[in-house]
Every structure is written in C-alpha cells, then in structure tokens.
Amino acid sequence: LGQALDLTSSAANGSGNIVSTVNDSALGFGAVTSWTATEWVKPNAAQPNLARFFIIGDANTLDVNNSANSFAFAAKNNKTSCQVYINKGEKGSVEQTLVPPLPVGGWTFIAYVYDGNNLSLYSGSDTSPVTLLGSASYPGLTMDFGSAGNLFMGNRSANGRAFQNYIDDTRFYSRAA
C-alpha cells in the first residue's frame, strides 16, 4: 500500500480530519443501477460507532442518513465491524454488515458490489485473498448522482463521526466488477 490517509489524530465521535470534494462534476455518474465500491482500511483500535470511512452521493449529500442517493462505509455494532449504507430516500435504506469484524492493527480490503439484484460483500487482507463473505437480495436499486456529486472521507460533512485510523485506495465504479 502506498501513502495512506492518516486520520489517527481525529477525535472520537467529534471533529477530525476530513477529505472532501463537493459539487464535483467528476462524481456526476448520473443514474447508476450497478456499482462497486472498494477501500483499504487499517483500524488500530475499535472505532466509535458509526464512524464514517467514506460517503459518496449527489450534490446534496452531507451524510448518508439524511441524503437520498448516497452510499457510505461506516463502523458499526462492536465498533470494529463495517457496514454499508445505501440511502434511497423514498425507497428506504439498505444496511449490510461485514462479518467477521475488521481486524485491529492490520490492513483489510473491503468491496461491496451491487449487480442490479444483489449486494455482495467481499473482504481480504494484505496476507489473505479476497473472498465473498455474503450476499443479500435488493433488486432494482438505482442511485441518481446527477451531474455532480460530493465525496467525504474520514468523517461526514458536519463532523461527529470521525474514523480514527488509516484509509487507502478508495474507489467507486459505476458498474459491477
């Protein structure tokens, strides 16, 4: 792994480092019916509940909880698990949890793939191959990113959900890989 984003100085459930781009036409994917999101993370300790690894959405997105057409990775449950949120507004939200929990002190690769019918979760590490951990049926989801979008890494726009460790090689593809 290269030059990781170091967020270790962020305050738990508070302000902290954040990388963002807003109203960016490079994120204007339009209506997306399948996608792949990947990221490497290295938690050195259990994370605050709901700490945001990254959030991507349309130009109105400030956090996944209140923004339709948004997608996020976040810490969940025992604070070392990873959860994906897909907010569709009027169609409701999708939440899927990564099990087993993220290992503390090591790099973990996380990938969520939506093929138009199923949301599949993959994980691996710098020492183990990527494997399918599970899949759930969510047919017909469409996320409309419009002509511009927002991206937040390490926290949400209003802070309060800081991820306190390392993030590397975050990618979002507007197709299933």
Side-chain angles (χ1 to χ4, degrees), residues 1-2 4-5 19-41 50-77 81-102 107-126 128-157 161 163 167-177:
L1 301 175
L5 182 59
V19 175
S20 65
T21 183
V22 296
N23 203 23
D24 190 331
S25 62
L27 300 174
F29 299 116
V32 177
T33 57
S34 61
W35 61 85
T36 301
T38 67
E39 185 168 49
W40 283 90
V41 295
L50 306 176
R52 304 298 197 253
F53 301 174
F54 88 93
I55 303 165
I56 188 170
D58 67 16
N60 297 312
T61 298
L62 300 175
D63 188 17
V64 72
N65 289 336
N66 59 4
S67 300
N69 298 307
S70 60
F71 177 92
F73 285 164
K76 188 65 176 171
N77 297 333
S81 292
C82 177
Q83 186 162 31
V84 64
Y85 294 90
I86 302 168
N87 190 328
K88 288 299 303 147
E90 74 283 349
K91 291 188 178 181
S93 298
V94 172
E95 296 182 13
Q96 192 70 33
T97 300
L98 172 81
V99 178
L102 296 170
W107 283 104
T108 299
F109 174 78
I110 305 164
Y112 284 96
V113 178
Y114 181 69
D115 64 8
N117 290 302
N118 297 299
L119 179 65
S120 299
L121 169 61
Y122 298 84
S123 184
S125 72
D126 51 348
S128 64
V130 174
T131 58
L132 175 65
L133 296 181
S135 187
S137 177
Y138 297 104
L141 292 177
T142 299
M143 293 205 320
D144 190 353
F145 289 99
S147 61
N150 294 347
L151 172 69
F152 303 97
M153 294 178 60
N155 211 330
R156 61 184 178 179
S157 174
R161 299 284 188 234
F163 178 67
I167 296 173
D168 201 6
D169 201 15
T170 300
R171 296 175 186 229
F172 185 87
Y173 302 92
S174 57
R175 66 190 188 299

Applying side chain to side chain donor-acceptor pair (under 3.5 Å), can you list everything that pairs with Ser174, at least two apart in sequence or on another chain? none
From CG (Asp126) to CH2 (Trp40), nearest 0.5 Å: 5.5 Å
Is there a donor-acceptor pair under 3.5 Å between the side chain of Ser125 and the backbone N or O of Ser128? yes
Tell me the closest heavy-atom pair linking Ala31 and Asp144, and the distance in Å. N-OD1, 3.7 Å
Can any side-chain N or O of Asn23 pair as donor or acceptor with the backbone N or O of Ala59 at less than 3.5 Å? no
How many angstroms lie between OH in Tyr138 and CG in Asn118, if you round to the nearest 0.5 Å? 10.0 Å
Would you say the ring centroid of Phe54 lies under 6.0 angstrom from that of Phe172? no
Side chain to side chain contact (heavy atoms under 4.5 Å, CB included) for Tyr122 and Thr36? Distances and angles first, verdict last. CA-CA 11 Å; Tyr122 298 84; Thr36 301; over 6 Å; no
So, taking the atom named OH in Tyr112 and the one named OG in Ser135, what distance separates them when rounded to the nearest 0.5 Å? 11.5 Å
Minimum heavy-atom distance between Thr33 and Tyr114, given as atom pair plus value: O-CE2, 3.3 Å
Tightest non-hydrogen contact, residues Asn69 and Phe145, listed as O-CE2, 4.2 Å
What is the distance from atom CD of Glu39 to atom OG1 of Thr108, rounded to the nearest 0.5 Å? 11.0 Å
Using the test salt bridge (charged side-chain N to carboxylate O under 4.0 Å, His left out), find all partners of Arg171 that sit at least two apart in sequence or belong to another chain. Asp169
Quick check for you: to the nearest 0.5 Å, what is the distance between Phe71 atom CZ and Leu151 atom CG? 12.0 Å
Side-chain heavy atoms of Phe29 within contact of Ile56, under 4.5 Å: yes
Any donor-acceptor pair under 3.5 Å from Thr142 side chain to Val32 backbone: no
Atom CZ of Arg52 and atom CZ of Phe152: how far apart are they, to the nearest 0.5 Å? 11.5 Å
Asp24: which residues meet the side chain to side chain donor-acceptor pair (under 3.5 Å) condition with it, sequence neighbours left out? Thr21
